[in-house]
Amino acid sequence: MRKVYDHKAIEKKWQRVWDEKKVFQTDNDTSKKKKYILDMFPYPSGAGLHVGHPLGYIASDIVSRYYRMNGYRVLHPMGWDAFGLPAENYAIKSGIHPDKITKSNIKTFKRQLRSLGFSYDWSREINTSDPEYYKWTQWIFLKLFEKGLAYKKKALVNWCDSCQTVLANEQVIDGKCERCKKSVIQKELKQWFFKITDYAEELLADIEKLNWSESIKSAQRNWIGKSKGATIKFEIDISNSDGNSKSKKTNLKQILNTNNQISKQYIEVFTTRPDTLFGATYLVCAPEHKQISNFKFQISNWNEVEKYIEESKKKTDLQRSDLSKEKTGVEIKGFKAINPVNNKEIPIWIADYVLNTYGTGAIMAVPAHDERDFEFASKYNIEIIKVIEGGKLPYTGKGKMVNSGKFNGQQSDEIIKKITRLTDGKLTIQYKLRDWLISRQRYWGVPIPIIYCANCGIIPVPEDQLPVELPTDVDFFPNGESPLTNSKTFHAVKCPNCDSPARRESDTMDTFVDSSWYFLAYTTDKISNFKFSRCFNRDLNINESSEQISTANHWLPVDIYVGGAEHAVMHLLYARFITKVLRDIKILDFNEPFMSLKNQGMILAEDGRKMSKSFGNVINPDDIVDVYGADTFRLYEMFIGPFSDTKSWSTKNIAGVNRFIKKLFNIEYQNDGTIEEYTKIKIEQLKKSVSDDILNFSFNTAIAKMMSFIKDKNLHLNKKFWQEFLILFSPFAPYASQELWAMTGEKGLIVNENWVKIDKLKLNESTKDYMVIIGGKKLGSLKLITNISDDEIIEEISKDQIITDKLNNKKIEKIKIHENVIILM
RNA sequence: GCCGCUGUGGUGAAAUUGGUAUACACGCAAGACUUAAAAUCUUGUGGUCUCAACAACCGUGUGGGUUCGAUUCCCGCCAGCGGCACCA
């Protein structure tokens with residue numbers, strides 16, 4: 001009679017046993033080798049778990065189970081990235097406190113994750129909105145503040161009017177808010193920054209050491225955007241200006257008096273192509289360029305210039321960076337710049353295609369070698385100076401040199417040095433990376449631990465007063481100021497220095513600060529025992545028991561990090577930065593948090609579009625688990641395609657893996673009896689390839705090979721081989737494999753079994769299938785013993801009917817053996 | 001424009017260091033069981049030619065090259081996806 005696969009009963013039964021026996025509690029036996037296998041923790045959204053989440057979690061779970069069975073101690077935790085805007089926005093609509101919403105969402109997420117049979121150690125669960133957690137987020141802020149790496153400054157920042165908060169550069173996509181997709185405007189505001197630019201060079205250089213995908217590494221390189229070049233000074237010849245010389249002279253005097261400087265004035269430009277200096281046709285300054293307004297008395301067409309500056313200010317970043325837009329600009333009249341290499345006088349323009357935030361905010365335009373400069377010069381009929389006129393420096397950089405084409409590639413150091421010597425310029429390295437803007441004018445985040453005192457200025461909250469807890473008596477309605485300002489209990493405080501009345505900082509931190517260190521928090525048995533000062537420092541002699549010192553640091557860094565590629569720049573760059581800062585203050589002793597990173601591909605809906613509520617094409621994992629079971633769900637997501645590829649959901653295909661599991665419940669095997677060689681070799685091959693595939697994250701092929709194995713009619717299993725198969729299968733389908741394991745009469749749990757041992761002798765069988773080839777064409781195949789002479793092979797070939805027929809009496813002169821191929825000549 | 005990745009049946013996809021394609025699964029077709037359907041099982045399934053089988057030839061985006069042999073390596077194109085982008 002056919003046995004029925006009742007997935008619900010099996011799941012319920014074994015879930016209870018696992019919980020009771022605490023089988024997934026972290027093993028702290030330090031005599032074993034460690035593996036820290038980490039998933040990117042989710043934001044617990046109101047929509048619940050999405051089918052995209054488990055893809056990575058299943059993979060990391062398979063790998064964790066594999067390592068545990070191979071005798072490693074494994075840290076495999078899960079937690080919640082719980083602060084953030086959606087909960088707050090929902091609170092504004094519903095009036096329910098974000099904390100309450102978040103906790104209820106977490107409950108749902110946790111239930112869903114548990115139903116999928118993941119082997120997380122839930123006792124180490126963390127939640128970034130828990131004061132026990134975020135006091136350490138605040139502690140990190142204080143450390144950065146101490147080091148001068150956290151600072152407040154007035155700057156043009158990205159402002160989202162709809163979210164009523166500032167955004168980091170990384171959160172602005174195509175000039176729009178990452179979250180609400182509304183246009184972002186530029187506002188001058190006083191904000192908190194982390195000085196990530198101090199680490200630009202190291203963040204870039206260390207990318208080479210990482211075992212990450214090429215696409216993520218290249219995204220980080222692009223974002224950091226290093227260019228080597230030179231800054232070159234162009235003298236401005238004010239005396240030589242035409243126009244009304246009388247008023248000019250008095251005004252020049254004014255400048256000399258106020259600035260207390262010698263009469264020479266310069267504009268500095270940054271260029272990656274100093275070798276084209278001879279072709280500099282004009283200078284262009286960004287409209288915001290600071291020096292321009294200093295010269296307003298020398299500029300004869302100031303009215304026109306000022307008007308252009310005002311117009312540019314009104315434009316959004318998106319409007320200004322629109323490539324399809326025609327370039328605009330205004331020539332500055334009244335004085336010119338002098339090319340230091342040939343003393344040629346060239347005009348100065350302002351134009352908004354030059355960015356004030358990059359380089360020096362001014363460029364030398366070389367229309368003969370730059371497409372954009374060429375376009376601009378053509379539009380305004382500027383006479384183009386060819387490099388050849390002034391003589392050209394030998395070009396030794398990589399990349400193309402074309403007329404009116406954009407340069408690509410890096411300039412060689414040699415040429416840059418030569419030019420800088422010639423012109424009193426200097427070698428300069430520029431990065432596109434800018435400092436990380438971390439303050440937010442919203443409620444549901446970590447309060448910045450800073451106090452403003454009228455006497456003492458900006459004072460950090462003393463460490464022993466952490467955490468600065470979020471008050472509950474606030475209105476959430478965003479009005480451009482942090483909601484914390486309207487709390488009665490939060491705002492007023494005494495200065496820790498002088499005890500006079502002071503006020504707290506009311507901004508909160510970007511949630512990416514929370515997630516930039518969370519992987520450290522899991523290393524202590526529970527978050528309330530966590531302490532940076534004693535956990536991570538191996539160098540300092542701290543009066544703590546050695547046990548406490550060893551429990552944390554031995555796990556780090558993370559060995560395998562699994563998550564979505566959407567975090568290519570933000571989270572991954574920030575976490576790398578914070579790690580390096582903590583290393584520099586001797587809290588950590590490694591350079592990179594995640595040596596190996598695996599990105600799961602996106603799962604699209606059946607219609608090939610993104611899953612989204614508005615399309616009505618969202619698949620809820622609960623429904624699949626309910627109908628087919630957790631194991632089918634796990635197998636399906638792993639079998640659907642290569643782990644890191646984008647793929648579409650296909651409900652039809654779930655049946656395939658479900659059939660496979662059902663088949664296993666009707667497998668027959670002999671209790672003993674002799675097993676023929678064929679089966680023995682096949683099981684060894686399966687053991688080898690499933691093990692290899694797991695380590696390579698090639699789960700789809702591992703499953704395919706297990707299916708082939710079960711399908712093979714020539715196999716005859718005994719109990720030993722069947723149990724070995726179940727061990728191979730157990731990381732993929734923990735419930736079904738456990739049930740089948742128990743059905744073989746075993747009382748113990750399969751998770752406590754050792755991984756299979758591979759019999760290498762059997763694997764490298766003594767006979768081999770050889771392919772016989774002539775002139776690149778296949779004649780047939782031969783089964784031969786290894787270690788056979790050429791003459792014997794020729795004799796074997798002459799005995800083979802199929803091959804001799806195809807040979808058609810052709811004489812074999814020589815043979816060559818390569819791998820499993822016999823080449824006839 | 002620059003950087004990175006990808007391109008294989010009707011579909012999702014396999015293929016050690018180059019070893020002679022399309023594993024596994026879906027779908028489809030035929031058959032078995034059934035009053036019937038579902039489920040399950042069996043067989044077949046790249047294309048052309050052929051009643052059919054064998055055989056042959058063509059086939060991994062495209063055009064070349066290296067090689068006894070190329071999905072794999074090299075060069076040139078084309079298409080798609082992702083990142084960056086008036087970054088000088």
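Below, read A as the first sequence line, B as the second, and so on, with proteins coming before strands; counting in each chain starts at 1.
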Taking only the side-chain nitrogens and oxygens of A:Thr646, find out if one of them lies under 4.0 Å from OP1 or OP2 of B:rC81.
no

To the nearest angstrom, the CZ-C1' distance between A:Arg221 and B:rG82 comes to 15 Å

Side chain of A:Lys662: nearest nucleotide among B:rC84, B:rU40, B:rG4?
B:rU40

RNA chain B nearest-nucleotide lookup for A:Tyr353 and A:Ala568: closer to the 5′ end is A:Ala568

Between B:rU62 and B:rA39, how many Å separate the two C1' atoms, rounded to a whole number?
47 Å

What distance, rounded to whole Å, do you find between the two P atoms, one in B:rU22 and one in B:rC33?
34 Å

Across all strands shown, which nucleotide pairs with B:rG7 by Watson-Crick or G-U wobble geometry, both distances under 3.5 Å?
B:rC78

Base-pairing assignment for B:rG27 (Watson-Crick or G-U wobble, both under 3.5 Å):
B:rU45

Whole-Å P distance, B:rU8 and B:rG80
14 Å

Nearest-nucleotide pick for A:Thr271, side chain only, options being B:rC86, B:rG4, B:rA88:
B:rA88

Regarding A:Val354, tell me which of base, sugar-phosphate or nothing describes its non-hydrogen contacts under 4.0 Å with the strands shown.
base

Separation between the P atoms of B:rG44 and B:rC54, rounded to whole Å
11 Å

Anti/syn call for B:rG9, syn if |chi| within 90°:
syn

For atom CD of A:Glu268 and atom C1' of B:rA88, their distance in whole Å
15 Å

Below the 4.0 Å mark, does B:rA88 have OP1 or OP2 next to a side-chain nitrogen or oxygen of A:Tyr358?
yes

Mind checking who B:rC51 pairs with, Watson-Crick or G-U wobble, both distances under 3.5 Å?
none

On RNA chain B, does the nearest nucleotide to A:Asn222 precede the nearest nucleotide to A:Thr360 from the 5' side, or the other way round? Give the residue.
A:Asn222

Going by atom types only, do A:Glu201 and A:Tyr431 share a side-chain donor-acceptor pair under 3.5 Å?
yes

Find the partner of B:rA32: check Watson-Crick (N1-N3 plus N6-O4 or O6-N4) and G-U wobble (N1-O2, O6-N3) distances, both under 3.5 Å, and reply none if neither fits.
B:rU40

Can you tell me how far C1' of B:rU16 sits from CG of A:Asp693, to the nearest Å?
12 Å

Distance in angstrom units between A:Asp645 CG and B:rG80 C1', rounded
13 Å

Gap in Å between the two C1' atoms, one belonging to B:rG61 and one to B:rU72, rounded:
16 Å

For nucleotides B:rA79 and B:rC86, find the distance between their C1' atoms and express it as a whole number of Å.
28 Å

Is it true that the side chains of A:Ser644 and A:Asn599 contain a donor and an acceptor less than 3.5 Å apart?
no

Do the two ring centres, one from A:Phe512 and one from A:Trp436, sit under 6.0 Å apart?
no

Could you tell me how far B:rA36 sits from B:rG31 if I compare only their P atoms? Round to whole Å.
13 Å

OP1, OP2 of B:rU42 versus side-chain N and O of A:Lys713: anything below 4.0 Å?
yes

Nearest-Å distance for atom pair CD/P, residues A:Glu606 and B:rU11:
16 Å

If pairing means Watson-Crick or G-U wobble with both distances under 3.5 Å, then the partner of B:rU17 is none

Review item, nucleotides 20-26 of chain B N/O atoms under 3.5 Å of protein N/O:
from   : atom 1 : to       : atom 2 : distance (Å)
B:rU20 : O2     : A:Gly776 : O      : 3.4
B:rU20 : N3     : A:Gly776 : O      : 3.3
B:rA25 : OP2    : A:Lys711 : NZ     : 2.8
B:rC26 : OP1    : A:Arg659 : NH1    : 2.2
B:rC26 : O4'    : A:Asn653 : OD1    : 2.8
B:rC26 : O2'    : A:Asn653 : OD1    : 3.2

Distance-only donor-acceptor check, side chains A:Asp373 and A:Tyr353, under 3.5 Å
yes

Hits for salt bridge (charged side-chain N to carboxylate O under 4.0 Å, His left out) against A:Arg659, two or more places apart or cross-chain, chain-then-number order -> none

Using Watson-Crick or G-U wobble geometry with both distances under 3.5 Å, which nucleotide pairs with B:rU71?
none

Does any N or O in the side chain of A:Trp649 come within less than 3.5 Å of the main-chain N or O of A:Asn617, such that one atom is a donor and the other an acceptor?
no

Under 3.5 Å, side chain of A:Asp435 to main-chain N/O of A:Ile196, donor-acceptor pair present?
yes

Atom-pair distance (CD on A:Gln600; P on B:rG82), nearest Å
17 Å

Could you give the CD-to-P distance, from A:Glu214 to B:rU6, as a whole number of Å?
10 Å

Rounded to the nearest 0.5 Å, what separates atom CG in A:Asn211 from atom OH in A:Tyr561?
15.5 Å

A:Val627 backbone acceptor or donor facing A:His7 side chain under 3.5 Å
yes

Taking B:rG47 as the reference, what is the distance to B:rG10 when you measure between their C1' atoms (whole Å, please)?
13 Å

B:rG59: pairing nucleotide in any strand, Watson-Crick or G-U under 3.5 angstrom:
none

Please find out if less than 6.0 Å separates the ring center of A:Phe699 from that of A:Phe697.
yes

For A:Ile640, which contact category applies under a 4.0 Å heavy-atom criterion: base, sugar-phosphate, or nothing?
sugar-phosphate

pair_partner(B:rC2), Watson-Crick or wobble, both distances < 3.5 Å, evaluates to B:rG83

Can you measure A:Asn658 atom CG to B:rU40 atom C1' for me and round it to whole angstrom units?
13 Å

